[in-house]
Amino acid sequence: MKAKTRVRIIFLSLTTLAMGLPLLFLTAPPIPRHLGPEAIAVSFVENLTNANFEEARLLVTPESMETVHLFETLIGSQCNELKSKPTHFNVSDSKMNSTQDSLFIEGKLFFSDKHKLIRRINLVLVNREGRWLVDCHDNTIF
C-alpha cells in the first residue's frame, strides 16, 4: 500500500471519528441531573399528574401501589386531558429525619405553560435498601 493511500485512509478515519462522536453524544439519552430524593419526588409527581402511571409506580413503596391505582381509577377518562396539560413540580423545602431514613418534601405543582400554581404537595420519601421511594400509602398526595 502506498504512503498516499495510507494517509488518505487515516484522514478519512479521523474525519469519520470527528463527525461521529458529536453525533453520538447528541443522540444519547440525557443524563439525569440529580439522582437524589428530590429528583425522585419531582419525577413521581410529574409522572402522576401527566398520567404516566407505570413510571409513577416504579417510584413508590409497595404499600403505596394501591394509592397510585386509586389515583389512576379516579382520573380514568381524563388521561388524555392530563397529558395535554403538562405540569412541573418544584421542591420548596426538604427535611431529613434524624436517622436519615426518611425525608419530608414540600413542593408546588404548576402548569408548565402558564406557571399557574395548581396546589402545594407534601411528600414523604423513605430509604429502602439504598433507594429512595415515595411513601403515599395514607393518600396524602390528594
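Any value given below was found using the heavy atoms of this structure, including those in side chains, with hydrogens, waters and symmetry copies removed.
The side-chain heavy atoms of Leu48 and Val68, taken from C-beta on, include a pair separated by under 4.5 Å. Under the 4.5 Å side-chain criterion, counting only non-hydrogen atoms from C-beta, Trp132 is in contact with Leu103. Proximity of Val134 to Thr61: side-chain heavy atoms (C-beta onward) are nowhere separated by under 4.5 Å. By the 4.5 Å heavy-atom criterion applied to side chains, Phe71 and Cys136 are not counted as neighbours. A 4.5 Å side-chain heavy-atom check between Phe44 and Leu123 finds at least one atom pair inside the cut-off. Phe110 has its side chain within reach of Asn90: a pair of non-hydrogen atoms, C-beta onward, lies under 4.5 Å apart.
The hydrophobic cluster containing Val42 also contains Met96, counting ILVMFWY residues as joined when their side-chain heavy atoms lie under 4.5 angstrom apart, directly or transitively. The hydrophobic cluster containing Leu109 also contains Leu59, counting ILVMFWY residues as joined when their side-chain heavy atoms lie under 4.5 angstrom apart, directly or transitively. Phe104 and Leu133 are members of different hydrophobic clusters when ILVMFWY side chains are connected at heavy-atom separations under 4.5 Å. Transitive grouping of hydrophobic side chains (ILVMFWY, heavy atoms separated by less than 4.5 Å) brings Met65 and Leu125 into a common cluster. In the hydrophobic cluster analysis, where Ile, Leu, Val, Met, Phe, Trp and Tyr join through side-chain heavy atoms closer than 4.5 angstrom, Ile118 is grouped together with Phe89.
With sequence neighbours excluded, no residue forms a ring pair (Phe, Tyr, Trp, His ring centres under 6.0 Å) with His69. For Lys95, the salt bridge (Lys or Arg N to Asp or Glu O under 4.0 Å) test picks out Asp93, with sequence neighbours left out.
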Could you check Ile105 against Asn122 for side chain to side chain contact (heavy atoms under 4.5 Å, CB included), going step by step and ending with a plain yes or no? CA-CA 6 Å; Ile105 291 184; Asn122 297 322; over 6 Å; no
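To the nearest 0.5 Å, atoms CG (Asp135) and OG1 (Thr67) are separated by 8.5 Å. For the atom pair His88 NE2 and Thr49 OG1, the distance stands at 10.5 Å (nearest 0.5 Å). For the atom pair Ser64 OG and Leu70 CG, the distance stands at 12.0 Å (nearest 0.5 Å).
Judged by distance alone, the side chain of Ser43 and the main-chain N or O of Ala39 form no donor-acceptor pair under 3.5 Å.
Sorted by first and then second residue, the side chain to side chain donor-acceptor pair (under 3.5 Å) pairs involving residues 102-111 (not counting sequence neighbours) are Asn97-Ser102. The salt bridge (charged side-chain N to carboxylate O under 4.0 Å, His left out) pairs that include a residue from residues 40-65 are Glu54-Arg57, Arg57-Glu72, Glu63-Arg128, where partners are two or more places apart or lie in different chains.
Summarising the hydrophobic clusters (Ile, Leu, Val, Met, Phe, Trp, Tyr; side-chain heavy atoms under 4.5 Å, direct or chained), the residues clustered with Val7 are none.
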